[in-house]
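Below: one structure, written as structure tokens.
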Amino acid sequence: MEYIDLRSDTVTKPTNEMREAMLRAEVGDDVYGEDPTVIELEKLGARMTGKAAGLFVASGTMGNQVAVLSHTQRGDEVICEAESHIYYYEVAGMSVLSGVQARTLPSVKGVLSAETIEAAIRPLDVHQPRSALICLEDTHNRAGGTCYPLETLAAIRKLADRCKIPVHIDGARLFNAAVAQGVKVDKIAQYADSVQFCLSKGLCAPVGSLLVGSEEFIAKARRYRKMLGGGMRQAGVIAATGIVGLQSMVERLAEDHANAKLLANELATSGFAIDLSTVQTNIVIFDVSRTGLKAADFVARLKKAGVLAGAVGEYRVRMVTHHGITAAEIAKVVDVLQHLPKKG
Ligand code: TLP
């Protein structure tokens, strides 16, 4: 069966232009710093985000974990949102690899306020861990692809400067946030000391993320990437696809956002519980309790009808729009949702 696959934007495949770029890519041993294509990608990512340096990593998870390793020491505390990817979905990596503990904070639709963060910052006290890092997620995955308002980021930056705590943004979907907010990514990245963004999601590259920050930070991160086994050799063949992604796949993310809104509005009209205010980018999360089915059963029925989605809670279902999903396919999905057999 030909599925309409809305499980994630990670399912996107490299475009023809990317495959051609792979074929042509000049390569070298990147652990020796000799892969010109990787160097070009790292410079491009750093330039776009307004940072001094970049590091090509295997995945968003590796980028986030290398960032935590580089910013912290064992026994530190990392402030993050309660449902953030770095805490929720990274296999307790920060505890295991960095030896830090997470201080998880409640948010409003994935967005932490400066006040909430400030209240969690530890005083200097022999009993308490050091607050060593603030992690933000933009867009926020489990909140439904929500963006940080720039004023909130500015307030958090001010607090971070006052308290001398670095800020890391998990910007797996940073370009979605920028396109939705009508700004270039550097307008968001300026508030963070380090940013991780994925090339392998909406930008359609097959593999990889970039971690960007100061020269000093990236030099440290490069050592940790090596420690984790992420020192790749002729990685230019994959880096080439990231360059194409950054140069030609950013603006089209707006189509994914339009399709997500279309889908969300139809879901609301069809009686599904959905908070339309969270549908700001390419993620649509809705509640299926009204159908009498749990999310996992609902998703299984959708699959039988040719649509792939993800269960992200007992009654919460996630659909993600991406390259290759057209408005016509969204209409088909809506039709399937409206005619899905109910419980029993
Ligand atoms: N998210 C994936 C799954 O892991 C849930 C998805 O399908 O959305 N930060 C954020 C905010 C993410 O959404 C993801 C991936 C990552 C980091 C990790 O990226 P990868 O999968 O490249 O390690």
Side-chain angles (χ1 to χ4, degrees), residues 5-14 45 55-69 78 80-94 96-97 102 104 107 109-112 133 135-148 168-178 180 185 188-189 192 194-212 225 228-230 232 235 238-239 241-242 245 253 256 260 278-285 295 299 308-313 316-323 325:
D5 192 347
L6 299 176
R7 284 172 302 168
S8 183
D9 44 8
T10 58
V11 304
T12 47
K13 295 192 176 146
L55 182 71
F56 186 40
V57 289
S59 64
T61 302
M62 184 182 276
N64 284 339
Q65 294 303 325
V66 162
V68 177
L69 278 161
V78 172
C80 56
E81 199 273 339
E83 298 221 354
S84 56
H85 194 282
I86 206 165
Y87 171 71
Y88 202 99
Y89 283 131
E90 298 189 12
V91 212
M94 72 163 92
V96 175
L97 302 168
T104 57
S107 68
K109 298 174 188 175
V111 175
L112 288 172
L133 179 64
C135 284
L136 310 175
E137 187 172 314
D138 194 7
T139 67
H140 194 291
N141 183 343
R142 287 185 58 82
T146 51
C147 307
Y148 264 83
H168 171 70
I169 294 183
D170 173 358
R173 298 185 178 85
L174 186 73
F175 285 89
N176 295 85
V185 277
I188 302 173
S194 60
V195 181
Q196 176 283 119
F197 61 88
C198 292
L199 301 162
S200 61
K201 297 195 165 66
L203 301 182
C204 293
V207 179
S209 281
L210 278 172
L211 177 64
V212 295
R225 182 188 69 171
L228 298 185
M232 296 181 279
I238 45 175
T241 65
L253 293 172
D256 301 343
T278 63
V279 186
Q280 299 169 14
T281 55
N282 68 329
I283 300 180
V284 179
I285 295 180
V299 163
L308 302 181
V312 293
R316 279 166 24 109
V317 170
R318 183 182 83 151
M319 293 183 168
V320 185
T321 56
H322 52 79
H323 184 52
I325 297 292

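Ligands are counted one by one from 1 in listed order, and the atoms in each one are counted from 1 as well.
For the pair Y89 and ligand 1, the shortest N or O to N or O distance does not fall below 3.5 Å. Of the polar atoms of M62, none of the N or O atoms is found under 3.5 Å from an N or O of ligand 1, judged by distance alone. Taking only nitrogen or oxygen atoms, main chain and side chain alike, Q196 does not reach within less than 3.5 Å of ligand 1. By the 3.5 Å distance cut-off applied to N or O atoms, K201 is counted among the residues near ligand 1. Inclusion of S200 in the set of residues having an N or O under 3.5 Å from an N or O of ligand 1 is not warranted.
Ion pairing between a basic and an acidic side chain is recognised when a charged N comes within 4.0 Å of a carboxylate O; R173 and D138 show no such pairing.
Under 4.0 Å from ligand 1, the heavy atoms of R318 that appear belong solely to its side chain. Contact annotation for A172 and ligand 1: only side-chain heavy atoms (C-beta onward) come within less than 4.0 Å of the ligand. Counting heavy atoms under 4.0 Å from ligand 1, residue H140 does not touch it at all. Contacts between D9 and ligand 1, counted as non-hydrogen atom pairs separated by less than 4.0 Å, are absent for every part of the residue. Of all the heavy atoms of N141, the ones lying under 4.0 Å from any atom of ligand 1 belong exclusively to the side chain.
In this structure, atom 12 (C) of ligand 1 lies nearest to the protein heavy atom H85 CD2, 3.2 Å.
Note on ligand 1: R7 sits outside its first shell, no heavy atom being nearer than 4.0 Å.
Counting only N and O atoms by type, the side chains of E81 and S107 include a donor and acceptor under 3.5 Å apart.
The ligand atoms of ligand 1 that sit less than 4.0 angstrom from a heavy atom of S8 are 6 (C), 7 (O), 8 (O). Heavy-atom proximity to G60, at under 4.0 Å, picks out these atoms of ligand 1: 18 (C), 19 (O), 20 (P), 22 (O), 23 (O). Counting atoms of ligand 1 from 1 in the listed order, those under 4.0 Å from a heavy atom of E137 are 11 (C). Using a 4.0 Å cut-off to heavy atoms of T61, the atoms of ligand 1 that qualify are 18 (C), 19 (O), 20 (P), 23 (O).
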